[in-house]
Trainee: 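This is the structure, below, for whatever I ask next.
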Amino acid sequence: MTLDLHHAHPWDVTPKEAVQIQRDLAPLVREEPLAFDAVRTVAGLDVSVRDDRVRAAIVVLDVREMAVVDQAIWEGPTPFPYVPGLLSFREVPAILPALEQLGALPDVLMLDAQGYAHPRRFGLACHLGVLLERPAFGVAKSILVGKHGPLAEKKGSGTELIHNDETVGMAVRTRENVKPVYVSVGHRVTLRDACLLTVRLATKYKLPMPTHLAHRLSYRGEL
DNA sequence: GCGACAG
DNA sequence: ATCTTGTCGC
């Protein structure tokens, strides 16, 4: 499958150029309701790093059957160092070729990273969503920016993640008595819908199944 | 100037 | 992210 990228730009850039690209693309992020009735597949995407190589993995789940219907792996040289706030430039170059291996583009993309909860409101989930003009959101294991108050221990509980007096995401409890995950909008979804999907797909582990499986595939090389 | 800092 | 055994608790 050939990907048609919207607003394509170079990836071999300096940190300063990367920041400018984020500022240019950030205004393109749109938050809109997800048409749940049309959501059949949700893909979990994750990237692992070993030595000087990065490995992107994608696991596509049919949310009605909760079954894996497609998967892909792409490995290559690490293109960019890890710089807080510029994760996209390290992971997207590996994610794109992995996406091309899929039979079709998933209805929704779930990233193991931040989306709107980013210093320039353009985390990895926003970046990929805008490039593909596809619904996307992030489910991170820790906070990049923002703070939040306490939240109930029950599964499904949540509290707003605030940064500079703006709600940028939500701390969501996916499992009782387990540290929360941080959900934020990527593109073409509302924060509420992203949280609903996150909780609904977290059936067995702290991380929702798409992301959990993608992490496993990326790290182990197999499901 | 001193911390914080997705993965 | 990655290096890694056992151990505490529901």
Side-chain angles (χ1 to χ4, degrees), chain A residues 11 15-16 18-19 21-22 25-26 29 44-59 73-96 98 109-131 136-148 152-155 157 161-164 166-187 191 194-195 198 202 204-208 210-221:
Chain A
W11 294 99
K16 284 188 177 181
V19 168
I21 288 172
Q22 295 183 319
L25 301 181
V29 169
L45 304 87
D46 191 33
V47 176
S48 61
V49 182
R50 290 164 32 199
D51 301 315
D52 289 349
R53 310 277 293 174
V54 291
R55 181 157 68 186
I58 304 174
V59 174
I73 286 183
W74 185 87
E75 189 183 317
T78 302
F80 200 86
Y82 170 68
V83 179
L86 300 180
L87 187 63
S88 297
F89 294 83
R90 183 176 173 80
E91 307 200 342
V92 174
I95 290 175
L96 295 179
L109 306 176
M110 181 184 282
L111 283 296
D112 196 52
Q114 307 292 349
Y116 195 75
H118 175 278
R120 288 169 292 283
R121 307 295 183 259
F122 201 67
L124 173 54
C126 295
H127 206 143
L128 195 61
V130 167
L131 286 181
F137 65 93
V139 180
K141 298 181 292 300
S142 62
I143 298 172
L144 175 58
V145 296
K147 297 178 305 184
H148 67 82
E153 296 297 333
K154 282 185 57 62
K155 172 178 180 178
S157 300
L161 179 63
I162 308 294
H163 180 57
N164 290 346
E166 179 183 19
T167 294
V168 296
M170 191 85 96
V172 178
R173 191 88 69 188
T174 52
R175 296 293 291 176
E176 202 162 320
N177 299 331
V178 170
K179 302 298 289 182
V181 293
Y182 302 92
V183 180
S184 61
V185 168
H187 190 50
L191 178 55
C195 290
T198 295
K204 192 171 171 53
Y205 307 97
K206 167 179 174 175
L207 295 181
T211 293
H212 176 84
L213 293 173
H215 186 282
R216 186 181 176 77
L217 179 59
S218 175
Y219 191 73
R220 301 181 47 192

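Labels below follow one simple rule: chain letters A, B, ... track the order of the sequence lines, proteins then strands, and each chain is numbered from 1.
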Trainee: Please give, in whole Å, the distance from dA4(B) P to Asn164(A) CG?
Mentor: 18 Å

Trainee: Do Arg216(A) and Asp46(A) meet the salt-bridge criterion of a basic N to acidic O distance under 4.0 Å?
Mentor: no

Trainee: Under 4.0 Å from OP1 or OP2 of dA6(B): is there any side-chain N or O of Lys141(A) that close?
Mentor: no

Trainee: Which residues satisfy the ring pair (Phe, Tyr, Trp, His ring centres under 6.0 Å) test with Tyr219(A), sequence neighbours excluded?
Mentor: none

Trainee: Side chain to side chain contact (heavy atoms under 4.5 Å, CB included), that's the test. Do Glu91(A) and Leu111(A) meet it? Break it down for me.
Mentor: CA-CA 11 Å; Glu91(A) 307 200 342; Leu111(A) 283 296; over 6 Å; no

Trainee: For Ala113(A), report the nucleic acid contact type (base, sugar-phosphate, nothing); a contact means any heavy atom under 4.0 Å.
Mentor: base

Trainee: Could you tell me how far apart His163(A) (NE2) and dA6(B) (P) are, to the nearest whole angstrom?
Mentor: 13 Å

Trainee: Does Ser142(A) put a side-chain nitrogen or oxygen below 4.0 Å from OP1 or OP2 of dG7(B)?
Mentor: yes

Trainee: Rounded to whole angstroms, how far apart are CG on Leu128(A) and P on dG7(B)?
Mentor: 16 Å

Trainee: Determine which pairs satisfy salt bridge (Lys or Arg N to Asp or Glu O under 4.0 Å) with at least one residue from residues 115-129 of chain A, sequence neighbours left out, and list them in order.
Mentor: Arg121(A)-Glu166(A)

Trainee: Walking along DNA chain C from 5' to 3', note the first and the last nucleotide with an atom under 4.0 Å from a heavy atom of chain A, and give both.
Mentor: dA1(C) to dC3(C)

Trainee: Let's see if you get this right: which residues in residues 46-59 of chain A place a heavy atom under 4.0 Å from DNA chain C?
Mentor: Ser48(A), Val49(A)

Trainee: Pairing of DNA chain B as dot-bracket, 5' to 3': ( ) intra-strand, [ ] crossing, | other strand, . unpaired, with Watson-Crick or G-U pairs under 3.5 Å?
Mentor: .......

Trainee: Is the number of heavy atoms from other residues, nucleotides or ligands within 6.0 Å of CZ (Arg53(A)) greater than 12?
Mentor: yes

Trainee: Mind checking whether His127(A) and Phe122(A) have parallel, tilted or perpendicular rings, split at 30° and 60°?
Mentor: tilted

Trainee: Would you mind telling me which residue lines up with the more 5' stretch of DNA chain C, Asn177(A) or Tyr219(A), judged by nearest nucleotide?
Mentor: Tyr219(A)

Trainee: Can you tell me how far C1' of dG7(B) sits from CG of Leu45(A), to the nearest Å?
Mentor: 14 Å

Trainee: In whole angstrom, what separates Asp112(A)'s CG from dA6(B)'s P?
Mentor: 12 Å

Trainee: Just wondering, more than 12 heavy atoms not from Lys179(A) lying within 6.0 Å of its NZ?
Mentor: no

Trainee: Just how far, in rounded Å, is P of dA6(B) from NE2 of His127(A)?
Mentor: 19 Å

Trainee: So if I take residues 81-91 of chain A and measure heavy-atom distances to DNA chain B, which residues fall below 4.0 Å?
Mentor: Tyr82(A), Pro84(A), Gly85(A), Leu86(A), Leu87(A), Glu91(A)

Trainee: More than 12 heavy atoms of other residues, nucleotides or ligands under 6.0 Å from CG of Asp51(A): is that the case?
Mentor: no

